[in-house]
S.K.: 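What follows is a single structure, and I will ask about it in a moment.
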2 protein chains.
Amino acid sequence: MDPNLKPGNTKMRILDATAELFMRYGYTGTGLKQIVADANAPFGSLYHHFPGGKQELGVEVIHRSGAMYLELVTAVFDAAPDIVSGVHDCFDGAAEVLRATDYADACPIETVALEVASTNEPLRQATAEVFESWIEGAAERFRTAGIGDRTARELSISLIALLEGAFVLCRATRTTEALGAAGKTAAAAVEAALRHVAPESAQP
Amino acid sequence: MDPNLKPGNTKMRILDATAELFMRYGYTGTGLKQIVADANAPFGSLYHHFPGGKQELGVEVIHRSGAMYLELVTAVFDAAPDIVSGVHDCFDGAAEVLRATDYADACPIETVALEVASTNEPLRQATAEVFESWIEGAAERFRTAGIGDRTARELSISLIALLEGAFVLCRATRTTEALGAAGKTAAAAVEAALRHVAPESAQP
DNA sequence: AGGGTCCTAGATAGATCGCTCTAGCTGTTA
DNA sequence: TAACAGCTAGAGCGATCTATCTAGGACCCT
């Protein structure tokens, strides 16, 4: 028997299915019927596990997807020999995933973030918290490399903006050209910031 | 009598209303009922002017909004004394508009682009054409400043990615911090590209 | 005036939306 | 065995969605 179908895992299956659907079709573009169908879950279970309905499920999925994506990127960074190649690997890896999924899987919360920004305050806040966690996660890494507080934060924001913006362009054009160009610019920005680090504190 | 209400302008009012709604709430988040209500148009007129329904209206709005936004950015660029301040002015202006509209008005097609990328091929293609026109519009400007073909295109893509990515972060966090940081990075990238231009052909 | 075209006008169909409801199943306790 | 949670299961409600339909008004031409 499929271990994913055993009782008790329904909530997880719902969360996983919702995360994938949100990434590809967004919040308003994803119906609850489709979620339970993809999750092989009965409709009643959805409202048992998420009494707050679609919004509660959305908040939970945003936080979960945000944390998982941060872990993924962190792992890619940790595997790289230095920060600049870490940045390079992130953009390259994102391009590879995009190609492999027929330009469907990019940022797990970007579409949702734009959709709910002016319509659903709890969801908007959830996306804001995720982005802030990403920014600070990256900034801390740059600070330990000797980059100043302010520059580290601005650099982190710019890298995330480059990635998110490239995702939009790549999914629209069905090309990975934008991730290539953005990755170059991102690496150059990191190099420029590292050049201003005092040599004795630099950790390339 | 309100000139916008005189007969014959119904199509324009529908286009304008749809453009604004798409920018704020996206494609699936905008209902046809809301469009005709905002446009002060009868429902029947919508299907008279756009027999193809929501999709045909969407394609037309995407192209129209894309062209108008390109004109707007071009005007800002033309008003600036040099390219680097032009870039700076674009990001600053976008931040100002965002603040003035309670973080609602950012890129006119970004939300729609992400929503339709994996669900509606004609709309996806329309967004791709708009992005491509923006990229080439910017690249041509950089080429006339003496930047090489390949660098000009990569730079243009990176600037647009920075802008689009910053829009996501700003709307989610209800802050203009990201546009500030991205603007800095964008200006630095342009400066770096201009430094590699042979002095005799440079047009700062 | 009459005929024709363009556009306005809105009721309504059919599907789908998020959500609620009750009933039953399963596994753990007394 | 009996009682009780926790979860599964899906029918069905009202609202809303896109789209279609028919009817009538506005304006131009002969």
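A note on names: the letters A, B, ... follow the listed sequences, proteins ahead of strands, and every chain is numbered from 1.
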S.K.: Begin with the C-alpha distance, continue with both residues' side-chain angles, and end with the deciding distance and a verdict on side chain to side chain contact (heavy atoms under 4.5 Å, CB included) for A:Leu179 and A:Asp92.
M.R.: CA-CA 7 Å; A:Leu179 273 167; A:Asp92 276 7; over 6 Å; no

S.K.: What do the steps show when you test A:Ile35 against A:Leu57 for side chain to side chain contact (heavy atoms under 4.5 Å, CB included), and what is the final call?
M.R.: CA-CA 11 Å; A:Ile35 290 175; A:Leu57 172 60; 3.9 Å; yes

S.K.: For the pair B:Glu132 and B:Arg153, find out whether any cationic side-chain nitrogen is under 4.0 Å from an anionic carboxylate oxygen.
M.R.: yes

S.K.: Should the ring pair A:Phe77 and A:Phe142 be called parallel, tilted or perpendicular, given that the plane angle runs from 0 to 90° and is split at 30 and 60?
M.R.: perpendicular

S.K.: Atom pairs, N/O to N/O, protein against nucleotides 14-18 of chain D, distance under 3.5 Å?
M.R.:
from: D:dT18; atom 1: OP1; to: B:Thr30; atom 2: O; distance (Å): 3.3
from: D:dT18; atom 1: OP1; to: B:Lys54; atom 2: NZ; distance (Å): 2.8
from: D:dT18; atom 1: OP2; to: B:Leu32; atom 2: N; distance (Å): 2.7

S.K.: For the backbone of A:Tyr25 and the side chain of A:Thr30, can you confirm whether one donor and one acceptor N or O come within less than 3.5 Å of each other?
M.R.: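 No.
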
S.K.: I need the NZ-C1' distance between B:Lys11 and C:dT8, as an integer number of Å.
M.R.: 15 Å

S.K.: For B:His48 and D:dT20, give me the distance from atom NE2 to atom C1', rounded to whole Å.
M.R.: 15 Å

S.K.: Can you see if the side chain of B:His49 gets near the phosphate of C:dT8 - specifically, an N or O under 4.0 Å from OP1 or OP2?
M.R.: yes

S.K.: Just verifying a value: how many Å separate A:Cys170 SG and A:Leu163 CG, rounded to the nearest 0.5 Å?
M.R.: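 Nearest 0.5 Å value for the SG-CG distance: 9.5 Å.
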
S.K.: Starting from the C-alpha separation in whole Å, work towards a yes-or-no answer on side chain to side chain contact (heavy atoms under 4.5 Å, CB included) for A:Tyr27 and A:Gln55.
M.R.: CA-CA 9 Å; A:Tyr27 184 75; A:Gln55 178 172 291; 4.1 Å; yes

S.K.: What are the atom names and distances for every N/O pair under 3.5 Å that joins the protein to nucleotides 23-25 of chain D?
M.R.:
none

S.K.: Salt bridge between B:Glu60 and B:Lys11, side-chain N to carboxylate O under 4.0 Å?
M.R.: yes

S.K.: Hey, is the main chain of B:Val116 close enough, under 3.5 Å, to the side chain of B:Arg124 for a donor-acceptor pair?
M.R.: no

S.K.: Nearest-Å distance, CD1 (B:Ile14) to C1' (C:dC7)?
M.R.: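 After rounding, the reported distance stands at 11 Å.
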
S.K.: May I have the distance from B:Leu46 (atom CG) to C:dC7 (atom P), rounded to whole angstrom?
M.R.: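 After rounding, the gap between these two atoms is 14 Å.
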
S.K.: If only side-chain N and O atoms of A:Ser45 are considered, is one of them under 4.0 Å from the OP1 or OP2 phosphate oxygen of D:dC7?
M.R.: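 Looking at the OP1 and OP2 atoms of D:dC7, neither is under 4.0 Å from any side-chain N or O of A:Ser45.
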
S.K.: Starting from C1' on C:dT8, measure out to CZ on B:Arg13 and report it in whole angstrom.
M.R.: 11 Å

S.K.: For A:Gly44, which contact category applies under a 4.0 Å heavy-atom criterion: base, sugar-phosphate, or nothing?
M.R.: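 It contacts base atoms.
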
